[in-house]
Amino acid sequence: MDRDSSDEDDDRRNLTYRNDTTRSSFNVEELEPQMRRRSKLTFHKGYLFALVLPLLIVFIYFSTDIRSLFTSDISSFKFNTVSDQIRESQLQALHLLNQQQSSLLSIWNHTFINSNNITTVQFDDIKATLLTQIMLNKHMQQILLSPYKAGDTLQNGTALDPSSAGYGFHRCRKVDQKFSERRTIEWKPRRNKFLFAICLSGQMSNHLICLEKHMFFAAILNRALVIPSSRFDYQYNRVLDIEHINDCIGKKVVVPFEDFMKLKKNHAHIDKFICYFSTPQPCYMDEEHLKKLKSLGISMGKLEAAWKNEDVKNPSRKTVKDVEEKFGSDDDVIAIGDVYFADVERDWVLQPGGPIAHKCKTLIEPSKLILLTAERFIQTFLGSNFIALHFRRHGFLKFCNAKKPSCFYPIPQAADCITRMVERANTPVIYLSTDAAGSETGLLQSMIMLNGKTIPLVKRPPRNSAEKWDALLYRHGLEGDSQVEAMLDKTICAMASVFIGASGSTFTEDILRLRKDWGTASICDEYLCQGENPNFISGEE
């Protein structure tokens, strides 16, 4: 079907407009209708735009803070610039810390190969200081990495956990007591042969040391040891585990006085009474003590002196052979007194675990009730990481001032020494065992501070029914017993991470013996303000 001529004219005009761009003639007749249509369309669009534009501007003006549209971009730009600078600085700091760590590790691995010119304690202090710097470096790197959520591993792959870094070092580590290398003697009592212990000098701490030496004498002489009666000496079964000694040896080597008297049908005779020291007074035995022994149903002969000129102020060194020659006998019951000051095989006696062969850590041990009470006190008030301080004051001024230099220190000086140990041992609390007045301990507490923080001094509080840590002592009627409380103090101190003792105090020496035997002795243990490690003074190093 033929299309209409007007349609063809329109198609032609459209094709010509789009494709024929090379026409040289200007046809006014053809363009005139187009111009009229275009001017009409343009007029309508411009009119509409002129009406809408003011309305749009008014709407935006009232609904939006125009300034924020411009300032936000500027602020964002500035923020991004500062953020980039911080990030760059952090990465540079991290790079420098990695370099520092590499250098410190190199020193750690190579510097300490030859350390013969410094002491063990100095060497450990240097190592500890260096290790502290290494760990501080790691901590700083961890803080720098925290915004980037880098986890626990640094960019160079070094773990932040010191336990996995392979250092294997603790500044106040335990002393290796080398128990397997102990020199020991077997304790094999002969049948019905007894040694009666005489311990009269000093207080309980002296008596415990004396009793331990009597055990050594009994082992040398192959006799069972008779523990003195509480009517003549202290009530040892309240503070010591007597059966523990027999269990450790594996046979009956220690006999309580009551059992001994039953064997002797309540009348015993000391066949030979030998005094170890003759000066200033034989056996420390006076008429009052002789009367007490007789009132217990014990008879005896004349006191004898093993050596004519043996003085407690200047004891001479003796050997096992000397003991056998002077105290060896076939008599059933002999008594030796007082041996607290006796110097017999010192290195042998002072070694950890003692000189007698046994299957336990120590022979003379606090009673089970005291051990449990000490553990409960530590769990309640101290935690496992604490320093124990034996701060002896009462009656110690005159004793210390007789020494040159004096071992009695003013409170400020003592506080300074204690604070240095707190920093070295990295412990948060101190257990205070003292006879000092409240005025002294109060001043001491106010002066022990580290990094602006007070380090608490903890003493055992008075009995309180609301607290259960001491309930065992209360139920067994041991509360308020001064000897039980002293042994409890010693036990807590022996369990400490680090111990600071009083030089010349038998209380301190008793604690040191327990720490060595239990394996709790630390290389940081020392006498207050003297810098001496008592674990090495006796030759254990």
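This one's a predicted model, so the numbers in the text were calculated from it and none came from an experiment.
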Engineer: Any salt bridge between Asp343 and Arg317, counting N to O under 4.0 Å?
Structural biologist: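 Answer for the salt bridge query: yes.
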Engineer: Using a cut-off of 6.0 Å, state whether more than 12 heavy atoms not belonging to Glu324 lie near its atom CD.
Structural biologist: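 Counting neighbours around CD of Glu324, more than 12 heavy atoms of other residues, nucleotides or ligands fall under 6.0 Å, so yes.
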Engineer: Which heavy atom of Lys459 sits nearest to which heavy atom of Thr441, and what is that distance?
Structural biologist: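 Looks like NZ-OG1, 4.4 Å.
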Engineer: Let me have the donor-acceptor pairs involving side chains of residues 468-475, under 3.5 Å, with sequence neighbours excluded, atom names and distances please.
Structural biologist:
residue, atom, partner, partner atom, Å
Lys468, NZ, Ser465, O, 3.4
Trp469, NE1, Glu467, OE1, 2.9
Asp470, OD1, Arg463, NH1, 2.8

Engineer: Name all residues meeting the salt bridge (charged side-chain N to carboxylate O under 4.0 Å, His left out) criterion together with Glu485; count only those two or more places apart in sequence or in a different chain, and write none if there are none.
Structural biologist: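 Residues passing salt bridge (charged side-chain N to carboxylate O under 4.0 Å, His left out) with Glu485: none at all.
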Engineer: Return the minimal non-hydrogen interatomic distance between Ile356 and Met215, and the atom names on each side.
Structural biologist: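 Smallest interatomic distance, heavy atoms only, reads CD1-O, 3.6 Å.
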Engineer: So which atom in Ile500 and which in Met421 form the shortest heavy-atom distance, rounded to 0.1 Å?
Structural biologist: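 Minimum heavy-atom separation between Ile500 and Met421: CD1-CG, 3.7 Å.
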Engineer: Please identify each residue that fulfils side-chain hydrogen bond (donor to acceptor under 3.5 Å, both in side chains) with Lys361, with sequence neighbours left out.
Structural biologist: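 With sequence neighbours excluded, Lys361 shows a side-chain hydrogen bond (donor to acceptor under 3.5 Å, both in side chains) to no residue whatsoever.
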Engineer: Are the side chains of Tyr236 and Pro228 in contact, using a 4.5 Å heavy-atom criterion?
Structural biologist: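 SC-SC contact between Pro228 and Tyr236 confirmed.
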Engineer: What pairs with Trp518 under side-chain hydrogen bond (donor to acceptor under 3.5 Å, both in side chains), at least two apart in sequence or on another chain?
Structural biologist: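 Scan of Trp518 (side-chain hydrogen bond (donor to acceptor under 3.5 Å, both in side chains), adjacent residues dropped) gives Glu365.
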Engineer: Which atom pair, heavy atoms only, marks the closest approach of Asp481 to Arg238?
Structural biologist: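 Closest heavy-atom pair between Asp481 and Arg238: OD2-NE, 2.7 Å.
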Engineer: Is any side-chain heavy atom of Leu444 closer than 4.5 Å to one of Ile418?
Structural biologist: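 They are in contact (side-chain heavy atoms under 4.5 Å apart), so the answer is yes.
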Engineer: If you compare all heavy atoms of Lys174 against all heavy atoms of Ser497, which two are closest, and at what distance to 0.1 Å?
Structural biologist: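 Minimum heavy-atom separation between Lys174 and Ser497: NZ-O, 3.2 Å.
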Engineer: Should we say atom CG of Asn464 is surrounded by more than 12 heavy atoms from elsewhere, each under 6.0 Å from it?
Structural biologist: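 Yes, CG of Asn464 has more than 12 neighbouring heavy atoms, counting only those of other groups under 6.0 Å.
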Engineer: With no hydrogens and no angle check, is any side-chain donor or acceptor of Thr520 less than 3.5 Å from a backbone partner on Ala494?
Structural biologist: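 Judged by distance alone, yes, a pair lies under 3.5 Å.
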Engineer: A side-chain contact here means heavy atoms from C-beta on lying under 4.5 Å apart; do Val312 and Pro280 qualify?
Structural biologist: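 Of all side-chain heavy-atom pairs linking Pro280 with Val312, at least one is under 4.5 Å.
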Engineer: What are the two closest non-hydrogen atoms of Phe273 and Cys283, and how far apart are they?
Structural biologist: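 Smallest heavy-atom distance, with atoms named: CE2-SG, 3.9 Å.
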Engineer: Can the ring centroids of Phe277 and Trp307 be said to lie less than 6.0 angstrom from one another?
Structural biologist: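 When the ring centroids of Phe277 and Trp307 are compared, they turn out to be at least 6.0 Å apart.
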Engineer: Roughly how far, to the nearest 0.5 Å, is the SG atom of Cys417 from the CD atom of Gln413?
Structural biologist: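 It comes to 5.5 Å.
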Engineer: In sequence, state the C-alpha distance, the side-chain angles, and the governing distance for Asp510 and Lys490, and then conclude on salt bridge (Lys or Arg N to Asp or Glu O under 4.0 Å).
Structural biologist: CA-CA 7 Å; Asp510 218 21; Lys490 294 176 184 177; 2.9 Å; yes
Engineer: Have a look at Leu225 and tell me which of Val253, Val255, Leu211 forms a side chain to side chain contact (heavy atoms under 4.5 Å, CB included) with it.
Structural biologist: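 Output: one option passes, namely Leu211.
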Engineer: If only atom types and distance count, is the side chain of Lys213 paired as donor or acceptor with the main-chain N or O of Ala342 below 3.5 Å?
Structural biologist: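 It does hold such a pair.
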Engineer: Taking side chain as C-beta onward, heavy atoms only, is Phe216 less than 4.5 Å from Trp348?
Structural biologist: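 SC-SC contact between Phe216 and Trp348 confirmed.
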Engineer: Partners of Lys294 by side-chain contact (heavy atoms from CB on, under 4.5 Å), sequence neighbours excluded?
Structural biologist: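 So Lys294 forms no side-chain contact (heavy atoms from CB on, under 4.5 Å) with any residue.
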Engineer: Would you please name every residue forming a side-chain contact (heavy atoms from CB on, under 4.5 Å) with Ser505, sequence neighbours left out?
Structural biologist: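 With sequence neighbours excluded, Ser505 shows a side-chain contact (heavy atoms from CB on, under 4.5 Å) to His390, Arg392, Phe396, Ala502, Phe507, Thr508, given in chain and number order.
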Engineer: Out of Ile387, Ile430, Asn385, which residue meets the side chain to side chain contact (heavy atoms under 4.5 Å, CB included) rule with Val498?
Structural biologist: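 Option passing the side chain to side chain contact (heavy atoms under 4.5 Å, CB included) with Val498: Ile387.
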Engineer: Would you say the side chain of Val339 lies within less than 4.5 Å of the side chain of Ile336, judging by non-hydrogen atoms?
Structural biologist: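 Contact flag for Ile336/Val339 side chains = yes.
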Engineer: Test your reading of the model: is there a side-chain donor-acceptor pair from Ser503 to the backbone of Tyr527, 3.5 Å cut-off?
Structural biologist: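 No; judged by distance alone, with no hydrogens or angles, the pair does not exist.
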Engineer: Strictly distance-based, threshold 3.5 Å: is any side-chain N or O of His358 a donor or acceptor partner for the main-chain N or O of Gly353?
Structural biologist: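 Answer holds: yes.
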Engineer: Hey, does Glu345 have a side-chain heavy atom less than 4.5 Å from the side chain of Arg183?
Structural biologist: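 Answer yes - side chains close enough.
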Engineer: So that I can tick it off, tell me whether Lys359 and Asp247 are bridged by a salt bridge, with the cut-off set at under 4.0 angstrom between side-chain N and carboxylate O.
Structural biologist: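 No, Asp247 and Lys359 are not salt-bridged.
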Engineer: Show your reasoning for whether side chain to side chain contact (heavy atoms under 4.5 Å, CB included) applies to Cys199 and Met204.
Structural biologist: CA-CA 10 Å; Cys199 296; Met204 174 61 103; over 6 Å; no
Engineer: Who passes salt bridge (charged side-chain N to carboxylate O under 4.0 Å, His left out) against Arg190, sequence neighbours left out?
Structural biologist: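 So Arg190 forms a salt bridge (charged side-chain N to carboxylate O under 4.0 Å, His left out) with Asp330.
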Engineer: Count the heavy atoms belonging to other residues, nucleotides or ligands that lie under 6.0 Å from CG of Asn426, then report whether that count exceeds 12.
Structural biologist: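 No, the 6.0 Å shell around CG holds no more than 12 heavy atoms from other groups.
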Engineer: Suppose we screen for side-chain hydrogen bond (donor to acceptor under 3.5 Å, both in side chains). Which residues come up paired with Thr362, at least two apart in sequence or across chains?
Structural biologist: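 Applying side-chain hydrogen bond (donor to acceptor under 3.5 Å, both in side chains) to Thr362 gives Arg513, Asp517.
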Engineer: What pairs of residues pass the side chain to side chain donor-acceptor pair (under 3.5 Å) test when at least one of them lies in residues 254-281, not counting sequence neighbours?
Structural biologist: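 Sorted result for residues 254-281: His269-Ser299.
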Engineer: Starting from the C-alpha separation in whole Å, work towards a yes-or-no answer on side-chain hydrogen bond (donor to acceptor under 3.5 Å, both in side chains) for Asp241 and Ser367.
Structural biologist: CA-CA 4 Å; Asp241 189 346; Ser367 68; over 6 Å; no
Engineer: Going by an N to O cut-off under 4.0 Å, is there a salt bridge joining Lys318 and Glu310?
Structural biologist: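 Judged by the 4.0 Å cut-off on N to carboxylate O distance, Lys318 and Glu310 do form a salt bridge.
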Engineer: Flag the pair Asp322 and Lys326 as a salt bridge only when some basic side-chain nitrogen lies within less than 4.0 angstrom of an acidic carboxylate oxygen.
Structural biologist: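 A salt bridge is absent here (no side-chain N lies under 4.0 Å from a carboxylate O).
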Engineer: Measuring only between side-chain heavy atoms, which start at C-beta, is Tyr431 closer than 4.5 Å to Arg460?
Structural biologist: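 They are in side-chain contact.
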Engineer: Kindly indicate whether the side chain of Tyr340, heavy atoms from C-beta on, has any atom under 4.5 Å from the side chain of His207.
Structural biologist: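 No. Closest side-chain heavy atoms not under 4.5 Å.
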Engineer: Could you measure the distance from the CG atom of Leu478 to the CD1 atom of Ile370? Nearest 0.5 Å is fine.
Structural biologist: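 The CD1 atom of Ile370 is 7.0 Å from CG of Leu478, to the nearest 0.5 Å.
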Engineer: To the nearest 0.5 angstrom, please state how far the CG atom of Asn237 sits from the CG atom of Leu240.
Structural biologist: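 One gets 8.5 Å once the value is rounded to the nearest 0.5 Å.
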Engineer: In chain order, what residues pass the disulfide bond (SG atoms under 2.5 Å apart) check against Cys493, with sequence neighbours excluded?
Structural biologist: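 Disulfide bond (SG atoms under 2.5 Å apart) check on Cys493 returns nothing, list empty.
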Engineer: Mark yes when over 12 heavy atoms from residues, nucleotides or ligands other than Gln203 sit less than 6.0 Å from its CD; otherwise mark no.
Structural biologist: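 Incorrect, the count does not exceed 12.
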Engineer: State which residues pass side-chain contact (heavy atoms from CB on, under 4.5 Å) with Glu287; sequence neighbours excluded, sorted by chain then number.
Structural biologist: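 Checked Glu287 against side-chain contact (heavy atoms from CB on, under 4.5 Å); matches are Leu290.
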Engineer: Step through the shown structure and confirm whether more than 12 heavy atoms of other residues, nucleotides or ligands are within 6.0 Å of NZ on Lys188.
Structural biologist: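 No, NZ of Lys188 has 12 or fewer neighbouring heavy atoms, counting only those of other groups under 6.0 Å.
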Engineer: Would Phe232 and Ile198 count as a side chain to side chain contact (heavy atoms under 4.5 Å, CB included) here? Give the steps.
Structural biologist: CA-CA 9 Å; Phe232 179 76; Ile198 302 294; 4.0 Å; yes
Engineer: Verify whether one side chain among Thr506 and Asn206 offers a donor that lies under 3.5 Å from an acceptor in the other.
Structural biologist: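 Thr506 vs Asn206: donor-acceptor pair found between side chains.
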Engineer: In a table with atom names and distances, give each donor-acceptor pair under 3.5 Å that connects a side chain of residues 371-380 to protein atoms at least two apart or in another chain.
Structural biologist:
residue, atom, partner, partner atom, Å
Thr373, OG1, Leu369, O, 2.7
Thr380, OG1, Arg376, O, 2.7

Engineer: Would Glu243 and Lys252 pass as an ion pair if we require N to O under 4.0 Å?
Structural biologist: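 Looking at Glu243 and Lys252, the cut-off is met.
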